[in-house]
Every structure is written in C-alpha cells, then in structure tokens.
Asker: 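So that we are looking at the same thing, I have put the structure below in structure tokens.
Here is the naming used below: chain letters follow the sequence lines, and residue numbers restart at 1 for every chain. Below, each value reflects all heavy atoms present in this structure, side chains not excepted, and no hydrogens, waters or symmetry copies.
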Amino acid sequence: MESNKFEKYNPSVIEDKWTFKWEEDGIYEAKNNIKGKENYFALSMFPYPSGNLHIGHWYAFAPADAHARFRRMQGYNVMHPQGFDSFGLPAENAAIENGINPSKWTLENINNFRKEFRSMGTSYDWSREIVTSDPEYYKWNQHFFLEFYNKNLAYRSSGLANWCPKDQTTLANEQVKDGNCERCGTDVLKKELPQWFFRITDYAEELLEMDKINWPEKIKMMQRNWIGKSTGVTIKFNLNEFLIDGYIDTFTTRIDTIFGVTFLVLSPEHKLLKSIVQDNQRDSVYSYIANAGRISEIERTSTERDKTGVFTGAYCINPMNDERVPIYVGDYVLASYGTGAVMGVPAHDERDYSFAEKYGLEIRTVVKPQDKLNNIGKAWIGAGNLINSGNFNGLENNIAKNSIADFIEKNKFGTRTTTYHLRDWLISRQRYWGTPIPIVYCDQCGTVPVPFDQLPVLLPDNVEFNPTGKSPLTLNEEFLYTTCPKCGIEAIRETDTMDTFVDSSWYHFKFMSPDSKDVPFKSKDLKNWAPINQYMGGAEHAVMHLLYSRFFTKALRDLQYVSISEPYTKLFNQGMLIKDHKKISKRSNPLNPDPVIKKYGSDTLRSYLMFLGPWDQGGDWSDSGINGIYRWLNRVWTICISGNKFQIDGDEKKDENLVIFSHKITKKILEDMEVFKFNTAIATMMEYTNYLYKIYEESKISKKLWSESISRLVLHIAPIAPYISEEIWRRIGNNDSVHLQNVPKYDDLYIISEDITLVIQVNGKVRDQIKVSNAIQEDEALRIAGESEKVRKFLVGKTIRKKIYVEGKLVNIVAN
RNA sequence: GCCGAAGUGGCGGAAUGGCAGACGCGAAGGUCUCAAAAACCUUUGAGCUUAGCUCGUGUGGGUUCGACUCCCACCUUCGGCACCA
C-alpha cells in the first residue's frame, strides 16, 4: 500500500454537501440589477409534475442548466428559474382511479420534483418558483380572462367542438393530432357545445411575422403551416330559385377555374342546407347528415376514404356564365374552413375529380395543360392557358386569376379574401383540475363577468369525480350557486375550467416579478428581464404552447400589461433521447436515474447526456457508454487532487506547448458552449485531460503553469459537472464558488503557432507533410513541395500541369 | 400525398470545400494481482503482393486541382402536416 495515497473521487459525499451549501449561500438567486452586468433570462419549459423525474427530464433540463451556468460564468447576471405546470388531467385521473385528492397528489409530486431537481445539480433560483395550481397564480389567469373578455378577445360560442370521449372534455384544434387526442390517443369526435374561446385568429397575420425571433427554422415553418394563410376569392352563387335573396358563398384559391364549375358541395353542417333541400331528396340528405355526425374525425378526414355525397335537389347560378349548377352535400367539405362550401371544378382539383367521377358529373377543362399527356384520368392542377372561359380565353391562368378577381369585385359577385387554417383557441375544459372560468350566468343579466376585486374564484376542494362529460364542478352546489354580481339574484357559475395551456402562456412573466401581489407583474421587473433571452424545450410544443405564448404576449401588449411583442428572443429545441430505438417514456421504455446516480453520481449522468451527441439532434442512451464519462471525471480528479510533485522550473519547450494547447482548447470550448455543442466541448475537455495526464505522469512542467492549467480545466468543466468542479476548486485553494468565476480566456497570439504543417498532394492525394514557418510564401512552398522525395516518386514519367497553393495549408501538384 | 431533417467503423458520434473516422464505448493483447475487479499501456475502417499501396462517408451522375461537405436524380429512416377548396 502506498502510504500517501490520496482521497478517491466520491460523488455521493460531495454532491450532497454542495447541494446544501449552494442553497445556504443562495449563490443562484438572481438580483434584479447588478452594476456592470447584463441581465440574462435563461428558461427551460417548466414541467408537469408527473411523479418522478425520469432521464428524459434530465435530458431536457441538465444541458439547459449547463448553458445557463456557462452564461453566468461569462459575466451575465443570470436568472434561471423553475416552476411547475401543475394543473392538468393526470392529477384528476389519479383522483378518479385511486381516490387521492388531486391537490395532495400534485403537491407530493412537486416535492419529489424539487428534491430531484436539486440532486441534478441545477442552478435554479428557487426563490422565484411558480406553482400554477396555486390560487395566487391562477387568479391572474382569471384576471387576464376578464381583460380579454372586456376587449372581446374572449367569447362564448356554440358549435361543433373536438371531443375526447376518454378524457371527457373538449379540445382545442392544436390538441388534436391525426384525429386523435394529443394526450391519450383516443379518436376525437365532434360535439355541439357552448364553449369559451380566445380570439387568437385576430393575431393570425402578426403571428406569421417571425423575422425578428431567433428560432429554429423548423419551428417557424410548423407555425406558418399551422396558421395556414391562403389568399383567394369568395364568390356568391345565387339561390333565388329556391330561397329569396339567398346565396351560397364559396371560397377558392383557383378563381381562374371558375368557368369549370359543374357542381357545388356543402358541408353536412352548412346552415343553408336544410332550407334548400328539395322534398324528393330530403330523406337521403337528412340521413346523410346524421351519419356524418356519427363517424369520427379521423375516419371522416382520411384521404384514402372514397368521397361521398348526396344531391340536394337544389341548384344555384354561377354568376360568371349564368349556368345552373347542382348542389350536393358531401362530408369531404369541412364546415370549419373557408365558407363550408366549395365550388366543384373536377377538371382541375383532384378531390372534385374523384367526386365527379363517382357521381357522373361533367368534367370540363378550362385550363389547357402544357403537356397534354397530363390530362388523362386525373385533374390537371398545373399551369396553362384558359379555354372554355368566355372573355378570359387564352389568358395564362395565373394572370387570369387577377383579371377574373377584378371582374368579380367590379360586378359585386364576390371579394378577394384571405383565410387561415388557424381557428380560435377553445379554452373550455369539462374537467376539475384547472382554473375556474370567472363567469356567472344570471337569468336577468345574462353572462356576467366576476368583478376583478372578487378574484380569485377558488377551485373548491371537495368535489365528486364522476367523468360524465359535465364538469365535476356542476356537482358542487356550494360552488355552482352564487349571486349575480350585477343584480344580486341567485345565479350559477360557469363550471368549465381553462385549458392548462393558458397557465403556461404567460408564466415566464411571473418569474420576473414573483412577489407582486396587486398587479400580475411590476413594470420595473419587466424592464429588467423581458423578453426571455434563451428559451429551451422540446419541439412537441411548436403549435401549442409556443403559439399560444406568442398570442398571449401580443394580447397583453395590446392591453398594456407588457411592452414586448415576442416572449422568447431565442429558442433552442433539444432532440429526443432514445434507448433501444424507442423513445424513453415512463410506461413503455423507462429509464430511472436513481441507480445511475447511486453508481456514478449526478455529474457523470449530466455529462454523459451532454456527451451523447448534438443536443438538438437527440441522443441514443447506452448503459455501457457512461463508463467513459465516469473514467474521465476520475482522471480529472486524480490529476487535480493528487498533490504537488512538480518542479519549480519546467522544461521550456514543454511549457510552451502546454500554453499553446491550453489557449487552443479554451477557444474551441467557448465556441462550442456558446452554441450548445456540449458533445464536442466535452470531447475537447477530454483531450485536454489526456494531455495533462501525460504531463502528470512525467512531472516535467513548471509548478505555476501546472496549477494554471488545472484551474483552466476545472473552470471549463464547471457548467457541465458542477459538483466535482466545485470540490476540486476549493481543494486547490480557492474560497469562492467556482460557479461565480469567469470562464477562462484565450489569446489568438498563442494559437497562431510559428510552425505549420504543409500538406502536399499529388492529384488531390496526400503524399507528404512538411513543417514550415507560418510566414512561408507561395513560391517557397511550391519549391519545398517539389523537393520532397515522397512527392517526386509520384511524379516520375509525368508532366506537371498545374500547381495549387492554399495559403498556410496545402500544395496540390496536378500532373499526368 | 406535401413540407422538413438526417444517412460516416462493431456502436454513439467528429470533420461543412483541403490529412475522413476527433472524443468516447466495445473488443483484442499487455502491466499490476494468488486470482478477479479497478486502474494504466498498446492496437483497433476494409483489403493487399504490408518499410508501402489501393479502396472507403446510403445509391447513381455532375461541378472542382481537390467533395462526407456544393449541384441534379433516386433509395432509406425519422419528425411534422394532411380532403385547407
């Protein structure tokens, strides 16, 4: 046994110690202002407290924390807060299944999460914590709801809503994926219900403006597609023959094909349908409508399904040529888009084509295909010149679009129109665990908003959970019955609660002003912190949370609560962590961090997750790979802790090489950390460790340089592995936390070395490498290259055609 | 069907016009040990007539002195959207 054997790296001891100490010293609590420092708000999308943190959570939060720590060490005054998006279905489902109180269940989970977040080594400022199910928080949801209501940004409307039969609630359009409930995957149905909406469509145009935000192009594209702007013409088809002063509006982007209309199709929900249907068709039309209401959304919108429809017996008039056009009902036409009615142009629209083919309707070509082969057996949707189109014959169809639109507007047949795929945000949920909507219904006064000074409308505690499709709050008489704020007679409350995406639409502002009680946030705080400098989270929120948040910010701006238009200046989306080719999830592919932490410690787990690959592309977990990181941290520990065996004066050449290398790795690491390339930053730290390890074994370096190099290494590691770096930092003689230090510096003077390696190629293949001075000139380089024996070998019997010189890098001799 | 991203050793990945495979895992051999583990050292893309050479970044073409990198076409995988008129 060695007598002077140094202490071994023991993660569990040092990690517990520093978690406690950091908390005690409050080193991560953000001051609103620090002289000479720029504020920096780094935010991870806050979690739903679902039980315990799994490694998927670690993958989302640990690299984000490392980046915030890096910014702090760059000298920013960083705020990196955390909170809990704690309203939502799982709590209520747990209550239904196991009889646990949702509030209790939620608070227990939050306690787990807090504890586990601490053991992750996060630098969160817990003094700003947010819990959305806390009345102190959700009263502001109600407050904003009322402000929206007063500004006509919130309204109640009856109509067909997306209905999830399993979760027993309505859903917003954004929360239906492929016709399934985004949460549970159940087929979504349509249900007629009065529901509350936020008028997000008022902001459709502004939401399309994304030039000023630094977000991944992918997310911007998804939002653009979701908003789905299209421009065209709404044109009226006269119904006088059947309905006095009646007409049907249809929206089209292809007004150039107006002369090709041979039928009209109304959606089964179209409001004029029942007034125009003729007696001999009434039975079949009514049974068709009834049937359309029964089938699920996925079935109805499946592109594979045959187009079906029924003739109504009625006709309308095409204003452009006064032709009589038969009107059908067909469920391939959606009530929710455009006007809920389409003009059928089978020759130039694939859907209309298959409908016409099925029902034997005329297919009239009005745009002549440039390539005649393309007109066989399907619709021609390409460009061409107009035929069969009256005065517009011969025009190129894209030009005709304009001319016909002008003509239509001049003759008042219709108007140019812009439509959007985006629908208003349905926020009513027929569930308990959410923010009560602050509205009272009075027989005398109608819909009455709860006055601001009566907020919050508290969510009652004792409620029967009985998922019947009615909000559980309807069963709580104490909640349900109230008096009208206006006239004082008995009235009932709105019993639906708000979509939990309302909670997360403005939470970032509350972090800036956590103590504000009388107003949601103080303008001074907003001035200090808004907008968020760096937002980090998954791409699954592209058209939900991230869209709602942008809308909310703009609405709050127009209500003069905030002065910014975009909440998140920069956005980074991490990829997905997979294991065995499957997504890691609590149920199907679990990966529990506890045994990993027990065996290796938090630092190793954090570092490994960042080392797996580029954060934005996701990672592939392997149980054996983590060994490498653990070995690395042990090596770091060894070279830093194991005492002073170095000479006062080192070897001059070795010292110089180490200095050069040190500055090089710092440059590389700083560049990589800046843009979230943790994997290559760690690889560089490993290279540096390996280099130092060799020196450590030889012991031939000056003492001063050695200790500088060790410090440099520890400072670089600090954001990635906060515990081991803190422990080493203190042990090598520092009194302040490593996390309050500045990142190491580099100087290009050291990086540009005097010698460079000149690569010499013959016909593009490397044949020699020669060390030369970095001041070398072209003619000198070419001469040296030509003299190389290795190069000459490949030039025998050949004629040199060309010589290429890339400054300071390479010579290529072309010969044949 | 449409839009987007990606495809590199046994594996995760690096290199974005100039030495392909950094860094790590795994594997093989060695040192230490009674032994094992750990640790450390060496080797590790394939092939060949092995001081060296040839081939090699999904497939096929192209641009270039030079291509993983740029252009065209295709294949595969993964995301998103999908009867949006």
Asker: Can you tell me which nucleotide in B:C40, B:A22, B:C83 comes closest to the side chain of A:Lys307?
Answerer: B:C83
Asker: Looking at the side chain of A:Tyr332, which of B:C83, B:A85, B:C53 is the nearest nucleotide?
Answerer: B:C83
Asker: With a cut-off of less than 4.0 Å, is there a side-chain N or O of A:Arg635 near OP1 or OP2 of B:A39?
Answerer: no
Asker: Of all the choices, B:C65, B:A20, B:G80, which nucleotide is nearest to the side chain of A:Lys802 once you look at every atom?
Answerer: B:C65
Asker: Where does RNA chain B pair, written as one dot-bracket string 5' to 3', with Watson-Crick or G-U pairs under 3.5 Å, ( ) inside the strand, [ ] for crossing pairs and | for another strand?
Answerer: (((((((..(((.....[....)))((((((.......))))))((((...))))..(((((..]....))))))))))))....
Asker: With the side chain of A:Phe611 defined as its heavy atoms from C-beta on, choose the nearest nucleotide among B:U54, B:A20, B:G12.
Answerer: B:G12
Asker: Checking contacts here: which listed nucleotide (B:C65, B:U54, B:G13) is nearest the side-chain heavy atoms of A:Val814?
Answerer: B:C65
Asker: Base contacts versus sugar-phosphate-only contacts with protein, heavy atoms under 4.0 Å: please encode nucleotides 2-11 of chain B as B, S and - from 5' to 3'.
Answerer: ----------
Asker: For the side chain of A:Lys793, counting heavy atoms from C-beta on, which of B:C53, B:C65, B:C19 is nearest?
Answerer: B:C53
Asker: Distances under 3.5 Å only, N/O to N/O: pair up the protein atoms with those of nucleotides 15-18 of chain B.
Answerer:
{"residue": "B:A15", "atom": "OP1", "partner": "A:Lys677", "partner atom": "NZ", "Å": "3.3"}
{"residue": "B:G18", "atom": "N2", "partner": "A:Gln761", "partner atom": "OE1", "Å": "3.0"}

Asker: So, is A:Asn627 near the phosphate of B:G26, with a side-chain N or O under 4.0 Å from OP1 or OP2?
Answerer: yes
Asker: Counting N and O atoms only, with roles assigned by atom type, does the side chain of A:His348 sit under 3.5 Å from a partner on the main chain of A:Val366, one being a donor and the other an acceptor?
Answerer: yes
Asker: Less than 4.0 angstrom from a charged side-chain N to a carboxylate O is my criterion; do A:Glu350 and A:Lys307 meet it?
Answerer: no
Asker: Within the structure, does a side-chain N or O atom of A:Arg224 lie under 4.0 Å from either OP1 or OP2 of B:C81?
Answerer: no
Asker: To the side chain of A:Ala683, which of B:A22, B:C19, B:G80 is closest?
Answerer: B:A22
Asker: For B:A39, take OP1 and OP2 only and decide whether either is under 4.0 Å from a side-chain N or O of A:Arg631.
Answerer: yes
Asker: So among A:Leu612, A:Leu609, A:Thr604, which one has a side-chain contact (heavy atoms from CB on, under 4.5 Å) with A:Ile629?
Answerer: A:Thr604
Asker: Counting only side-chain heavy atoms from C-beta out, which of B:U54, B:C23, B:C81 sits nearest to A:Trp226?
Answerer: B:C81
Asker: So how far is it from A:Leu571 CG to A:Met536 CE, rounded to the nearest 0.5 Å?
Answerer: 10.0 Å
Asker: More 5' along RNA chain B: A:Ala341 or A:Gly613, using each one's nearest nucleotide?
Answerer: A:Gly613
Asker: Roughly how far apart are A:Phe263 CZ and A:Asn318 CG, rounded to 0.5 Å?
Answerer: 13.0 Å
Asker: For a quick check of understanding: with a heavy-atom distance under 4.0 Å over all strands, which category does A:Glu350 fall into, base, sugar-phosphate or nothing?
Answerer: nothing
Asker: Any Lys/Arg nitrogen of A:Glu671 or A:Lys667 sitting under 4.0 Å from an Asp/Glu carboxylate oxygen of the other?
Answerer: yes
Asker: If you find the nucleotide of RNA chain B closest to A:Ile682 and the one closest to A:Gly340, which residue's nucleotide is nearer the 5' end?
Answerer: A:Ile682
Asker: Find the distance between CG (A:Leu264) and CD1 (A:Ile248) and round it off to the nearest 0.5 Å.
Answerer: 5.5 Å
Asker: Should A:Lys177 be listed as having a side-chain N or O under 4.0 Å from OP1 or OP2 of B:A82?
Answerer: no
